[in-house]
Protein chains: 2
Amino acid sequence: MDDQRVGRDVGVDLAAVARLLADGTRAAFCLALLDGRAWTAGELARYAGVTQSTATSHLNLLVGGGLLADERHGRHRYLRIADRRVFELIEGLAELAPRQPVRPRSLTVATRQQALLDARLCYDHLAGAVALEIKDAMVERGLLVWDTGQPAAAALTDRGAAWLADVGIVLPASRRPPVRACLDWTERRTHLAGAVGGALCGHALAAGWVTRVGTTRALRVTPLGRQALHDHLGLPIVSSATRGR
Amino acid sequence: MDDQRVGRDVGVDLAAVARLLADGTRAAFCLALLDGRAWTAGELARYAGVTQSTATSHLNLLVGGGLLADERHGRHRYLRIADRRVFELIEGLAELAPRQPVRPRSLTVATRQQALLDARLCYDHLAGAVALEIKDAMVERGLLVWDTGQPAAAALTDRGAAWLADVGIVLPASRRPPVRACLDWTERRTHLAGAVGGALCGHALAAGWVTRVGTTRALRVTPLGRQALHDHLGLPIVSSATRGR
DNA sequence: GGGATGCTTTGACGGCGGTCGAAGCGACAT
DNA sequence: ATGTCGCTTCGACCGCCGTCAAAGCATCCC
């Protein structure tokens with residue numbers, strides 16, 4: 001009688017994996033980690049808006065389930081996506097996932113979400129369509145080399161260093177890699193991260209090129225910023241990201 | 001304050017899709033449907049060992065979420081995987097899923113599961129390792145052409161038709177496609193389905209080549225069957241599926 | 001040493017969701 | 001017309017799991 005439940009005994013526990021991603025908090029963790037970097041447990045907790053204790057239990061599940069790998073350094077716990085297969089799984093889910101979940105009831109919310117796609121913070125650097133335009137322009141002008149092979153190799157050229165100085169961006173002394181490729185799930189492409197990405201973003205905020213929208217990660221490029229990006233990188237005054245809307 | 005939960009507002013609701021597959025019953029449905037056929041709601045309910053009412057609610061969720069597509073014919077409701085992307089998603093999950101969940105506590109259960117991998121029924125035809133051996137042998141002998149392209153094209157050759165008659169297998173008159181490729185998630189390869197697959201399986205059961213194990217889908221290949229497969233297809237008497245166990 | 005800081009453990013609370021049985025409804029067969 | 005079959009709806013029950021606060025532990029800094 002019970003034997004009729006053959007569907008349960010087939011030896012592949014799909015639901016176990018799916019359950020790991022079936023929670024909003026854990027999904028947020030994974031989306032954040034899609035940038036390929038290793039985040040600390042605390043960063044993830046703040047990002048998802050939960051307490052550290054909650055984050056800990058989720059992270060234990062994800063690591064235990066083989067979706068994430070962790071590494072302890074001193075009092076920090078660094079998390080990253082365990083595997084290329086996990087990467088692809090998450091992207092496959094994202095492909096089928098409803099966009100703009102149920103939220104955009106109000107126009108203001110919809111606008112804010114659109115802003116998120118155009119320009120936003122990704123940890124300490126710029127992401128979204130604008131970030132891609134910046135990176136592409138820098139590559140085109142010989143400021144950056146950008147080889148997205150396996151593994152991705154990216155670096156600042158001498159000309160790029162001169163450009164930074166010209167713009168007035170100073171790199172803080174640190175052991176941090178100057179240039180990193182950061183994967184962007186909204187655009188499915190990589191943008192500029194690392195020390196240069198962080199410094200560039202810091203400058204953009206300080207100089208009023210971009211301003212934060214409320215307290216979210218969304219950014220708005222100011223007219224001043226448009227002009228600056230035009231002057232320094234040759235970007236069009238009307239960005240392709242906002243063109244036609 | 002609440003706005004700090006930026007991780008939730010990114011506009012891609014991963015968890016919603018994952019939640020659909022995070023239930024054992026729904027996962028069983030999807031695994032069953034991986035064979036590419038359309039099952040009725042009742043078949044799926046029996047397969048997973050739940051009542052019809054339970055199945056209905058699950059199926060509504062899966063269809064609503066876009067993972068399954070349904071089609072009504074008379075009093076039947078036929079379900080199938082909605083999309084190639086869904087196929088790939090499920091396979092990606094299966095790749096990461098733990099095998100042999102927690103169940104194999106008793107030796108008899110473990111043995112039964114192994115039998116399920118070696119030979120079993122997939123609706124009306126043979127699946128498992130033995131089914132693959134049969135298909136491969138038929139291709140090698142020129143009885144079958146098997147092009148697993150997109151879409152997969154498979155057909156019986158004239159020599160194949162003669163072989164069927166020689167063995168004593170008659171195809172019932174029907175509009176059913178004679179040869180179909182059926183995807184097998186345990187082996188990650190396709191085996192022989194369609195009218196020929198069904199007739200072959202029927203003959204194998206009737207002639208005592210295989211017998212059912214209890215009331216499950218699992219099959220055991222009898223010594224008589226081994227001999228017959230050797231005579232008709234040149235398969236080794238000791239199958240590669242059981243060799244070394 | 002003392003005091004931050006980052007993470008983990010524990011315990012308690014609350015809600016969501018999976019389950020079934022029973023009743024209802026439509027399609028099909030005789 | 002009557003019965004059967006396949007599916008759906010409804011209502012009720014129950015267990016699981018995500019959440020937090022508080023306390024604890026380890027590490028790092030001064």
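Throughout, protein chains are lettered first and strands after them, A, B, ... in sequence-line order, and every chain is numbered starting at 1. Just so it is clear, the values below take in all heavy atoms, side chains as well, and ignore hydrogens, waters and symmetry mates.
- Between A/His76 atom NE2 and D/dA26 atom C1' there is a gap of 12 Å when expressed in whole angstrom units.
- In this structure, B/Leu59 places its CG atom 7 Å from P of D/dT8, rounding to the nearest Å.
- Rounded to whole Å, atom P of D/dC7 lies 9 Å from atom CG of B/Leu79.
- Atom CG in B/Leu21 sits roughly 16 Å away from atom C1' in C/dG17 (whole-Å rounding).
- As rounded to whole Å, 14 Å separates atom C1' of C/dG18 from atom CG of B/Leu20.
- Closest heavy-atom contact between A/Leu144 and A/Leu192: CD2-CD1, 4.1 Å.
- In this structure, the nucleotide among C/dC7, C/dG17, D/dT19 sitting nearest to the side chain of A/His58 is D/dT19.
- B/Arg72 has a side-chain polar atom (N or O) that falls below the 4.0 Å cut-off from OP1 or OP2 of D/dT8.
- Between the side chain of B/Arg26 and the main chain of B/Arg19, a donor-acceptor pair closer than 3.5 Å is present.
- Where A/Ser53 and B/Arg26 each meet DNA chain C at their nearest nucleotide, the meeting point lying more 5' is that of A/Ser53.
- Residues A/Leu156 and A/Pro178 fail the side-chain proximity criterion, which asks for heavy atoms closer than 4.5 Å.
- For B/Thr54, the listed nucleotide lying nearest its side chain is C/dT19; candidates were C/dT19, D/dT19, C/dC7.
- Residue B/Asp70 is the one, among B/Asp70 and A/Thr51, whose nearest nucleotide of DNA chain D lies closer to the 5' end (criterion: closest heavy atom).
- For the pair A/Arg75 and A/Ser57, nearest-nucleotide mapping onto DNA chain C gives the more 5' position to A/Arg75.
- The two residues B/Val50 and B/Phe29 make their nearest non-hydrogen contact at CG2-CZ, 4.4 Å.
- Taking every heavy atom of both residues into account, B/Ala97 and A/Asp13 meet most closely at CB-O, 3.5 Å.
- The separation between B/Arg77 atom CZ and D/dT8 atom C1' is 9 Å, rounded to whole Å.
- Rounded to whole Å, the distance from CG on A/Asn60 to C1' on D/dC17 is 15 Å.
- Taking only side-chain atoms of A/Val50, from C-beta outward, the nucleotide of D/dT19, D/dT8, C/dC20 with the closest atom is D/dT19.
- Atoms CD (B/Gln52) and C1' (D/dT4) sit 13 Å apart, rounded to a whole Å.
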